[in-house]
Amino acid sequence: MTAYRELTVLTVIVGICQGIILNIAFVYIALKLGFSLGGSAIAAMLGYVILRGIFRRGTIVENNLNQTIASSINNAGTGVAFVLPAVFLLYDQHILTHLPLIPLLFAGISGAILGLILIIPLRKQLIEIERLHYPTGVAVATVLQSGATGFAKARWLGAGAALGGVSKVLLLTGGLEQFDFINGEDLDISFGFLPAYFGLGVYLSPLVFAAGLLAGRSGLPFFVVGLVAWCVLSPMTVAVGWIPPQFSQTDTSQLNFIYSELLKPLGIGTLIGAALIEMLFSFTVLRGVIKLISHASQAKRDSSTQAEELPRRVLLQASLVAAICFLTAVWLMPDINLTQTLLISVIGIVWLFIASLIVAQCMGHTDISPLSGMALVSVTLMLLFVDGSVSAAVLLAMVVTVAISQAADMMQDLKTGFLVGSRPLLQQSVQLSVSWIGIVVAFGVVWVLWQSSGFGSDTSLPAPQATTLVGIIDAMQTQDANLDKFLLGGLIGLVLGAVPISGLGVLSGLALYLPFSITFTYGLGVFAHIWAEQRYGLDLIEQRLVPLAAGLIIGEALVGVGDALRQVG
């Protein structure tokens with residue numbers, strides 16, 4: 001009798017290859033839009049095609065291990081994409097006198113391990129006893145159980161990847177710039193009739209359109225706030241005379257002034273305010289977390305559960321590796337002394353433990369991870385406790401963001417495994433073994449993109465989350481001329497974050513920060529999703545539009561990173 005396959009060499013190889021590709025694509029989109037997307041469902045679709053279609057094998061649990069590996073490598077890059085670009089920007093602004101890439105690499109690997117070992121002992125309590133929903137985990141389980149429909153979805157994903165790649169090639173080669181109304185990646189839709197300060201344009205990026213296509217109705221606040229910012233606030237500032245007279249309405253100088261002196265600082269302030277209120281609401285689950293720890297401790301005494309989890313011996317060994325990586329990172333930082341090292345270690349471990357538990361609970365109930373809020377609080381804590389050391393702040397931010405993204409991903413994957421019958425021990429083993437790959441790949445991608453095009457509002461990669469981290473560090477160290485806008489934006493973020501609409505504050509901050517052409521293209525994708533859903537129903541969305549949108553993202557991102565490698569090489 002043939003054993004039911006679950007963990008095989010082929011599964012590991014396919015999962016690692018998919019994880020690296022998704023890592024590259026979703027680091028790129030995080031730098032474009034300021035938020036990332038989950039790749040578990042994509043990995044599950046492709047895994048079915050590769051394992052079952054090409055190799056004529058692949059059970060459901062085997063494919064679940066494949067997507068567990070792929071999503072682990074992919075999600076490890078999310079924390080890197082939020083923090084590492086900020087380090088380059090701080091270095092460019094001479095706030096950091098050196099680039100601590102090697103220490104931050106060790107910090108990222110330490111975070112990837114710590115996030116997993118802190119959350120693994122809580123699996124039984126969160127998933128089997130409390131039965132938290134984990135919507136993404138449920139959705140991936142549905143994909144794994146969908147059977148042959150995976151082939152059809154994979155064809156749409158392939159078509160989207162080809163279309164996204166070809167369109168990016170056209171933009172990179174300047175094939176569309178022969179038209180006067182196309183400048184770089186922007187299509188001017190004012191056509192000379194409207195003043196430049198409206199910022200009207202279409203960002204010629206299938207990736208951005210696809211992000212809106214995936215979001216659907218939940219992306220409407222992002223578009224609406226962008227519309228208000230550029231079609232109400234921007235012309236109002238001109239009408240009341242807030243713009244210096246030397247800036248002409250007929251060129252982009254007035255638009256650039258409005259963006260850099262008003263909307264951009266307002267957006268950063270809104271992101272900070274929204275993140276803080278998000279954190280405040282997240283702390284309301286602390287009572288549940290304390291209760292959770294108590295229950296989990298009692299569950300450990302039940303010997304019948306021990307075979308389902310990684311042994312304590314392995315967790316202790318992994319903890320030692322993580323500690324060595326963390327202390328190595330701190331030791332390699334040239335401007336952190338022994339006292340600061342002890343403070344970072346104590347504060348970092350305590351805060352990381354609390355943050356990981358909070359995120360696991362939030363993801364279980366709402367599928368929303370307060371990742372940016374955790375990073376901002378981490379930076380603020382370090383700046384307050386270690387005499388304004390920026391190196392210490394970014395080091396802790398790297399550890400925390402990577403760790404909590406790994407903790408959230410682990411619980412989502414374990415929920416999927418619980419629904420399809422996978423062994424938790426195997427899922428935990430593979431994720432703990434391969435997550436470090438995602439850190440290395442993400443570091444490479446961010447470094448290449450920095451070398452080729454850089455980050456910030458004046459580039460094709462705005463990196464909003466990283467810019468927000470830079471903004472809060474700069475505001476705490478200097479008297480910023482735009483401090484009043486930061487504070488006003490913070491107030492807006494606090495109010496919007498308190499509104500019972502998922503992600504409203506963060507989306508509003510991003511809409512204020514990003515150029516309107518990006519927001520407008522995203523909105524086109526949102527309305528396309530709404531129209532298709534009303535006309536053809538949810539089945540078309542799930543079977544065609546979702547894999548098509550995923551393909552558009554992967555195709556454009558891979559070509560974009562490939563071009564960056566060409567420039568650097």
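Below, all heavy atoms of this structure are taken into account, side chains as well, without hydrogens, waters or symmetry copies. Just so you know, residue 1 is the first one in the sequence shown, and it goes up from there.
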Atom pair [atom1]/[atom2] of [X] and [Y] - distance to nearest 0.5 Å:
| X | Y | atom1 | atom2 | result |
| --- | --- | --- | --- | --- |
| Leu65 | Arg423 | CG | CZ | 9.5 Å |
| Ile24 | Ile554 | CD1 | CD1 | 10.5 Å |
| Leu414 | Gln431 | CG | CD | 7.5 Å |
| Gln18 | Ile20 | CD | CD1 | 11.0 Å |
| Ile50 | Ile13 | CD1 | CD1 | 11.5 Å |
| Leu51 | Thr11 | CG | OG1 | 5.5 Å |

Flag for Gln427-Ser422: side-chain donor and acceptor within less than 3.5 Å: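 No - no donor-acceptor pair under 3.5 Å links their side chains.
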Minimum heavy-atom separation for [X] to [Y], with atom names?
| X | Y | value |
| --- | --- | --- |
| Pro103 | Leu332 | CG-CB, 3.6 Å |
| Ala549 | Leu213 | CB-CD2, 3.9 Å |
| Met398 | Phe443 | CE-CZ, 3.9 Å |
| Gln67 | Ala44 | CB-N, 4.0 Å |
| Ser319 | Ile117 | OG-CD1, 2.9 Å |
| Ile109 | Cys325 | CG2-SG, 4.1 Å |

Before you tell me yes or no, could you show the steps for Leu7 and Val12 under side chain to side chain contact (heavy atoms under 4.5 Å, CB included), namely the whole-Å CA-CA distance, both residues' side-chain angles and the distance that decides it to 0.1 Å? CA-CA 8 Å; Leu7 178 60; Val12 174; 3.8 Å; yes
Would you indicate whether the side-chain heavy atoms of [Y] and [X] approach each other to under 4.5 Å?
| X | Y | result |
| --- | --- | --- |
| Gln428 | Val314 | no |
| Ile73 | Leu22 | no |
| Tyr28 | Leu449 | yes |
| Leu99 | Phe88 | yes |
| Met410 | Leu432 | no |
| Ser452 | Asp563 | no |
| Ile102 | Thr328 | no |
| Pro462 | Ile518 | yes |

Under the 3.5 angstrom rule, does the side chain of Glu556 hit a backbone N or O of Leu207 as a donor-acceptor pair?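 Present.
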Side chain Asn75, main chain Ser71, donor-acceptor under 3.5 Å: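 It does hold such a pair.
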Apply side chain to side chain contact (heavy atoms under 4.5 Å, CB included) to Val27 and Asn23, showing your working. CA-CA 6 Å; Val27 164; Asn23 186 299; 3.5 Å; yes
Residue pair Leu157, Leu548: steps toward the side chain to side chain contact (heavy atoms under 4.5 Å, CB included) verdict: CA-CA 5 Å; Leu157 188 145; Leu548 176 68; over 6 Å; no
Let me know which of Asn63, Thr68, Asn64 forms a side-chain hydrogen bond (donor to acceptor under 3.5 Å, both in side chains) with Asn66.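 The option that passes is Asn63.
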Is there a side chain to side chain contact (heavy atoms under 4.5 Å, CB included) between Lys32 and Leu461 once you walk through the steps? CA-CA 5 Å; Lys32 277 271 190 183; Leu461 297 171; 3.9 Å; yes
Which label fits Trp450 and Phe455: parallel for a plane angle under 30°, tilted from 30 to 60°, or perpendicular past 60°?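 Judged by the thresholds at 30° and 60°, the geometry between Trp450 and Phe455 is tilted.
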Phe106 CZ: over 12 foreign heavy atoms closer than 6.0 Å: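 Counting other residues, nucleotides and ligands, CZ of Phe106 stays at 12 neighbours or fewer.
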From the options Leu552, Val166, Leu163, Ile553, select the one residue that forms a side-chain contact (heavy atoms from CB on, under 4.5 Å) with Pro206.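 Of the listed options, the one satisfying the test is Leu552.
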